[in-house]
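Here the structure is a predicted model, which is why all the values come from computation and not from measurement.
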Amino acid sequence: MTIEYYILNPTGNITALVIDNGIDKKYYTQISDIIMKENNRIEQVGFIDFRKKTPYLCMAGGEFCGNATMSAAVLYSHINCDNCADTAIKVFGCKNEISVKSQKTDDAYYCKINLEKPKSIYNYNFDVNGKTFNLPVVEFEGISHIITENSVSKNDAEILLKTYAVKLNLSALGIMIFNSKTNEITPIVYVKSCETLFYENSCASGSCALCAYLTANSDSKTEIEIIQPGGVLKTISSSKAKYVELYEKVSIISHQFTEITV
């Protein structure tokens, strides 16, 4: 089987998008593993189907990924119209299409995504290594994120993610280790079906989760620039807003083909 895919860079969160012209979903994880072994910079793999009017994105693990959604819109623009100002993406697991605005420059696309506000924000007791952490959980369609202000060690965070993704029956669970003094986050994300755990260079959905949490009691729109290892993501929201707005730059690194035996 010949696999065609693109590698994109949304603020360091290197993403591979496979052109899906009828690949059986049972091979997604296997194909993802092969691609990630070929290029260890890649942090996630998605499958994009352009055959319908609205592009359809499904991640290898069935999770939601904001960076991959923006990357899918950029790739659609690159292939179909070079500079589509507004692209709707249908994402597996999400009820509504997601709108992405993009503007091409010489070397990249500047993007804005409107992500619907979380389904819920609640506190939960996480038991790890004999310790209990009462932490807020921000629940989106396809992924949930835990917010902690440096109260959980990285080792405990890894155990927590792997344990509670199963206990809470979540396809993907992230933890945003947040420094409120500097607005820096360390994003760690676990995808259950792929059994992948990454310290991501940037996390769009995690940034939106943090913004939604921080603006939950703010009546007016608040802009928060969130510093991640790969750069800065700008987010805007309020308690009354329907969406969390997120802005970032996405570049296309390469277009590749690989032969895979499945």
For this session: With ring pair (Phe, Tyr, Trp, His ring centres under 6.0 Å) as the test, would you mind laying out the steps for F92 and Y56 before giving the verdict?
Result: CA-CA 7 Å; F92 173 80; Y56 178 75; 7.1 Å; no

Exercise. Could you walk me through whether T132 and D127 pass the side-chain hydrogen bond (donor to acceptor under 3.5 Å, both in side chains) check?
Worked result: CA-CA 4 Å; T132 299; D127 296 316; 2.5 Å; yes

For this session: Evaluate side-chain contact (heavy atoms from CB on, under 4.5 Å) for T235 paired with Y247, printing each intermediate quantity in order.
Result: CA-CA 7 Å; T235 58; Y247 299 79; over 6 Å; no

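Between the side chains of S239 and N217, not a single donor N or O lies within less than 3.5 Å of an accepting N or O. For E158 and Y199, the side-chain atoms include at least one donor-acceptor pair closer than 3.5 Å. Donor-acceptor pairing under 3.5 Å is lacking for the side chains of E63 and S171. No hydrogens or angles considered: a donor-acceptor pair under 3.5 Å links the side chains of T258 and E38. Between the side chains of D219 and S238, no donor-acceptor pair is found at a separation under 3.5 Å. Side-chain N/O atoms of S151 and T148 include a donor and acceptor closer than 3.5 Å. In this structure, a donor-acceptor pair under 3.5 Å is present between the side chains of N201 and E43.
Salt-bridge annotation for E245 and K221: present, with a side-chain N of the basic residue lying under 4.0 Å from a carboxylate O of the acidic one. Comment: K90 does not engage E97 in a salt bridge, judged by the lack of any side-chain N to carboxylate O separation of less than 4.0 angstrom.
Shown are F126, F133, Y190; of these, the ring pair (Phe, Tyr, Trp, His ring centres under 6.0 Å) with Y164 is made only by F126.
Looking at T54 and K52, their side chains never come closer than 4.5 Å, going by heavy atoms from C-beta outward. Looking at S207 and Q228, their side chains come closer than 4.5 Å, going by heavy atoms from C-beta outward. For the pair I188 and F198, the minimum side-chain heavy-atom distance is 4.5 Å or more. I253 places a side-chain heavy atom less than 4.5 Å from the side chain of I14.
Follow the hydrophobic side-chain contacts under 4.5 Å out from V128 and you never reach I147; the two are in separate clusters. Hydrophobic clustering (side-chain heavy atoms under 4.5 Å, transitive across Ile, Leu, Val, Met, Phe, Trp, Tyr) keeps V137 apart from Y213. Hydrophobic cluster membership is shared by F50 and I89, with clusters built from Ile, Leu, Val, Met, Phe, Trp and Tyr side chains linked at under 4.5 angstrom. The cluster map of Ile, Leu, Val, Met, Phe, Trp and Tyr, joined by side-chain heavy atoms under 4.5 Å apart, puts L173 and I143 in different clusters.
Side chain of N9 to backbone of G12: a donor-acceptor contact under 3.5 angstrom is found.
Both tests do not hold together for K117 against F140: distance to the six-membered ring centre under 6.0 Å, angle to the ring axis within 45°.
Counting heavy atoms of neighbouring residues, nucleotides and ligands inside a 6.0 Å radius, atom CG of N134 exceeds 12 of them.
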